[in-house]
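In this text, all values refer to a predicted model and were calculated from it rather than measured experimentally.
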There are 2 protein chains.
Amino acid sequence: MIEAEPDREGGDRGGVKAATTAAAVLKGLAALGGRASLAALAGQLRAHPSKLHRYLKSLAAEGLVARDPLSQAYLLGPEAILVGLAAMRQSDPIRAAEPALLRLRDTLGATAFLAVPGNRGPTVVRLEEPDDPVVVNIRPGFVLSILWSATGRALLAASADARLHAQAREELAAAPARRRALLPEDEPIAAIVREVRAAGGIATVRDLYLDGVSAAAAPIFDFTGAVRAILTVLGPTGRFPIDPEGPVVTALRREAEAVSRGLGWRPVEAAHARPEAPRPPPRGIAALPLGSPREGRPAARETEGEPR
Amino acid sequence: MIEAEPDREGGDRGGVKAATTAAAVLKGLAALGGRASLAALAGQLRAHPSKLHRYLKSLAAEGLVARDPLSQAYLLGPEAILVGLAAMRQSDPIRAAEPALLRLRDTLGATAFLAVPGNRGPTVVRLEEPDDPVVVNIRPGFVLSILWSATGRALLAASADARLHAQAREELAAAPARRRALLPEDEPIAAIVREVRAAGGIATVRDLYLDGVSAAAAPIFDFTGAVRAILTVLGPTGRFPIDPEGPVVTALRREAEAVSRGLGWRPVEAAHARPEAPRPPPRGIAALPLGSPREGRPAARETEGEPR
DNA sequence: GAGGATAGTTGCACAGCGCGCAATCGCAAT
DNA sequence: ATTGCGATTGCGCGCTGTGCAACTATCCTC
């Protein structure tokens, strides 16, 4: 029970180190575009070519990795496709966003909800309220306005769906003058889209959809880059600052990005890095067992083991 | 140097066993639809839950595996999607078919070539000829007839592309009566498609495109089920039997299926099996280190070790 | 055609780690 | 509270992963 602290960095306690390495190999191969020479992979992962060779051999025997007969380069194999397809099938924005909803509710003390693009507009599917919620009649199943809600605006700006844009025009045409007056004067739809995109895709709204309520909404993308959901937080206008660099928008942006990542989305659509490794000497003593989450390890163990 | 034979089955000599296991875990999870309980996976892979648990823990730390917070089931994670996408990017019918071309050439002594669906029809991209080839003027870059070649027919029957079918009608309309007479009388296109599909997608042709030459062609699919290429073998009509169960068609079918598999295609579009494991007791003594290539191990070691 | 550089592969030996077992924990149903 | 199923983890034996260096294969240079 005492247990001093044998490992100063228990990233994988009780796991299988070789499995971690195997995973890093697959990810490294994917990061290189799905195709790489042994040396390039060794550079990417900072591991001995001989070590990688053995892993690749086993992964190849399982069909996750294949080889180009000519260039004898390693590439991801057919089984990797099947694994990927199964993974995509599991890609579920509602499940992925659940923890984010809870965190936003707790850290901001705000009402947080998730909406998905439905055929009638953004539809609320999950809602988390703090102990002391602002009174809103939003419930799961509720369909929000496209133009007069932060959620709808975030969706509109992120989506290229023609039907959605047509719905926005209908909504605008059907709106009474009093509501219409709350929007920009000329080309209100284009103006809203421009504004939201200028804010990095995050839509903010104050006393618009509901008086006394401010809201911020961010889109959630999947691995194809398509909008799969919108994450929204809202609170009383007085105590809920929605400035671009404020805590609310910052937290929302961070959470939305994390959820998107959980769906396989990658920031700049540049999932695979440079084809070759422009790095320090790949060979040598460096021998990271893995190397995925954080880069740059403080030091590599020398040949003689330190007394610890 | 003597080395009796410590391993009676060296499927992975010089590899990393744990990497093989990790690969099997990913594949097993994919086979279960990308989502499974620990016990279900243990049943699928015939391994101890404790063992799997450690692998899954490490794979989860790398993002290849995720967990459902509620059901605490294991599911394939976002990194698996990225790996799969990179693998799909590598999916290349020309590279994948190369070995098949060589094998067909050697085992059948036939000319074998690969064509891809081009905008002007099936286009030859790779051609392998035996030492003593039949004389044909087919070369890479050559565009084949849709209706009067086995290659074209196999493509037509496998493809739902409207443009291709339109091209087939144009070809038919433009053909002189003499060539037209070689085809079925009424609704020749539909008849050809029906005939090829009845033969399991394999098109055979005798003295049609070229006199004295028989050919058989089979489509190659990718992971989406789309036709990516057509594999064709041909030889002199006298010494090249193209009956449905003959050696030529059998070998062609086998090779085409293998290539398709190499592109991530799966026979019946039923890549993932039953959700639960309808198998013998998952737990117990059975402890396969892996379990991918061949199934059914002869026996499991009992609790008391036999003297061997 | 010889020589050499580059990249991939493998034998070896030590110690680090995987894994079967069983005890424990967590959760839900009764 | 009790029961039971499933997930998790400490333990310790001995299998196996790994750095190193020798070896091989392939391509380029002279």
Distance below 4.0 Å between [X] side-chain N/O and [N] OP1 or OP2:
X	N	answer
B/Tyr55	C/dC19	yes
B/His48	C/dC21	yes
A/His53	C/dG8	no

Exercise for the section: Mark yes or no for a side-chain to base donor-acceptor pair under 3.5 Å between A/Arg67 and C/dG8, with no hydrogen or angle criteria applied. Expected result: no

How many Å lie between [atom1] on [X] and [atom2] on [N], as a whole number?
X	N	atom1	atom2	result
A/Leu56	C/dT10	CG	P	13 Å
B/Leu52	D/dA7	CG	P	10 Å
A/Leu59	D/dG17	CG	C1'	14 Å
B/Arg46	C/dG20	CZ	P	15 Å
A/Arg54	C/dC17	CZ	P	16 Å
B/Leu41	D/dA7	CG	C1'	13 Å
B/Lys57	D/dG6	NZ	P	21 Å

Exercise for the section: Please tell me which of B/Ser50 and A/Gly15 maps to the more 5' nucleotide of DNA chain C, matching each residue to the nucleotide holding its nearest heavy atom. Expected result: A/Gly15

Exercise for the section: Check the pair A/Arg261, A/Glu255 against salt bridge (charged side-chain N to carboxylate O under 4.0 Å, His left out), reporting the backbone distance first and the verdict last. Expected result: CA-CA 10 Å; A/Arg261 268 176 227 268; A/Glu255 291 290 354; over 6 Å; no

Handout entry: Gap separating the CG atom of A/Leu59 from the CG atom of A/Leu29, nearest 0.5 angstrom
Key = 9.0 Å

Fill in the blank from the handout: On DNA chain D, more 5' by nearest nucleotide between A/Ala18 and A/Gln72 is A/Ala18

Exercise for the section: Go through B/Glu62 and A/Lys27 one step at a time and tell me if the salt bridge (charged side-chain N to carboxylate O under 4.0 Å, His left out) criterion holds. Expected result: CA-CA 9 Å; B/Glu62 290 291 314; A/Lys27 285 165 59 184; 3.0 Å; yes

Handout entry: Side-chain touch B/Leu252/B/Leu104, heavy atoms, less than 4.5 angstrom
Key = yes

Exercise for the section: Just do the salt bridge (charged side-chain N to carboxylate O under 4.0 Å, His left out) check on A/Glu129 and A/Arg105 with the steps written out, would you? Expected result: CA-CA 6 Å; A/Glu129 295 183 307; A/Arg105 182 198 63 184; over 6 Å; no

Exercise for the section: Among the candidates D/dC15, C/dT9, C/dG18, find the nucleotide nearest to the side-chain atoms of B/Lys17. Expected result: D/dC15

